[in-house]
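None of these values were measured; they are calculated from a predicted model. Numbering starts at 1 and runs along the sequence shown.
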Amino acid sequence: MKTVYIPAGETVKYESLVTENLVVDGCLKVVYGVKARSISGKGVISAGTVYADDISIGEIEAAAIVCVRAAAKRIDAPEDYASESLAVSCFLSAAYVETGKLTVALSDVDEAKADEIIHLPRVHTSLLAMLVVSFFRSLRARFFGKPAEGEILDADFEPFYKQAQKVKTPKDNKTEEDTDEELNRIVGLFKLSREAGYTLRLIPGTPEENAPLFDFAAETIVQKAA
């Protein structure tokens with residue numbers, strides 16, 4: 001079918017719908033997905049997913065919307081993807097929105113990724129008035145907008161000098177596990193012996209069991225037999 005038309009006052013249900021042009025002035029309910037080149041009308045669409053190039057409708061309720069351009073009075077969809085623009089004159093409810101230009105009056109959006117976002121006053125409820133106001137506000141922001149100076153409010157950032165202070169040196173990366181306890185013990189013995197007037201001497205090739213012993217009572221060295 002090239003064109004599907006839902007007249008005002010009627011409710012039509014499909015499991016899935018694929019057409020070239022879809023005009024909805026009534027109510028369309030689709031269990032799975034709607035695919036069309038263009039969707040227009042003043043009615044309501046309720047579907048699992050909606051795929052189209054151009055959308056201009058009264059209200060859409062779907063799990064996901066994927067299109068090039070979309071303009072609606074109300075949109076209730078967890079995920080909205082519009083490669084060029086997305087405009088909602090009344091209320092937009094979504095978990096994630098990704099588009100080139102987002103124009104909205106009231107919204108409840110968890111995360112929005114857009115090159116340009118325009119918030120409209122609530123008095124503009126018609127789609128035509130919304131698009132006109134959005135166009136002129138976009139021009140004003142483009143030609144008369146000034147870049148922000150100073151620190152950006154309500155943004156998560158940290159000055160570079162504070163980040164540099166957090167850079168750890170190799171010494172800071174050492175932990176207790178990297179400490180050489182045997183080396184510390186030898187250094188401690190050397191310092192203790194030097195303070196007591198003794199000198200440590202290393203005897204090469206001497207087995208541990210035949211190493212000479214020091215008689216502290218007689219203050220003499222007892223040489224073991226090799």
ask   = Are the side chain of S93 and the backbone N or O of D76 linked by a donor-acceptor pair below 3.5 Å?
value = no

key: Heavy-atom donor-acceptor pair, D25 side chain to K42 backbone, under 3.5 Å   = yes

Quick check on the hydrophobic clustering: are [X] and [Y] connected, directly or via other members, by side-chain heavy-atom contacts under 4.5 Å?
X   : Y   : answer
V12 : V30 : yes
Y14 : I57 : yes
V44 : I65 : no
I39 : V23 : no
Y96 : V66 : yes

ask   = Once you round to the nearest 0.5 Å, how far does CG of L102 lie from CD1 of I117?
value = 5.5 Å

ask   = Got a second to check how far E98's CD is from E79's CD, nearest 0.5 Å?
value = 10.5 Å

task = For atom OH of Y32, decide whether the heavy atoms of other residues, nucleotides or ligands shown that lie under 6.0 angstrom number more than 12.
result = no

query = When you look at OH of Y51, are more than 12 heavy atoms from neighbouring residues, nucleotides or ligands closer to it than 6.0 Å?
reply = no

query = Any side-chain heavy atom of L22 within less than 4.5 Å of one from I45?
reply = yes

inquiry  = The test is side-chain contact (heavy atoms from CB on, under 4.5 Å); show your working for L28 and L17 and say whether it passes.
reply    = CA-CA 10 Å; L28 174 63; L17 178 61; 4.0 Å; yes

Closest heavy-atom pair and its distance - [X], [Y]:
X   : Y    : result
S89 : K73  : OG-CA, 3.4 Å
A95 : D110 : O-CB, 3.2 Å
E10 : I6   : O-CG2, 3.9 Å
D80 : A94  : OD2-CB, 3.1 Å
L86 : T99  : N-OG1, 3.6 Å
A63 : P78  : O-CD, 3.2 Å

ask   = Can a salt bridge be assigned to the pair E84 and R69 using a cut-off of 4.0 Å between side-chain N and carboxylate O?
value = yes

key: Trace of the side-chain contact (heavy atoms from CB on, under 4.5 Å) decision for V104 with V109   = CA-CA 11 Å; V104 65; V109 179; over 6 Å; no

ask   = Per the side-chain hydrogen bond (donor to acceptor under 3.5 Å, both in side chains) rule, which among N21, D53, T19 passes with R37?
value = N21

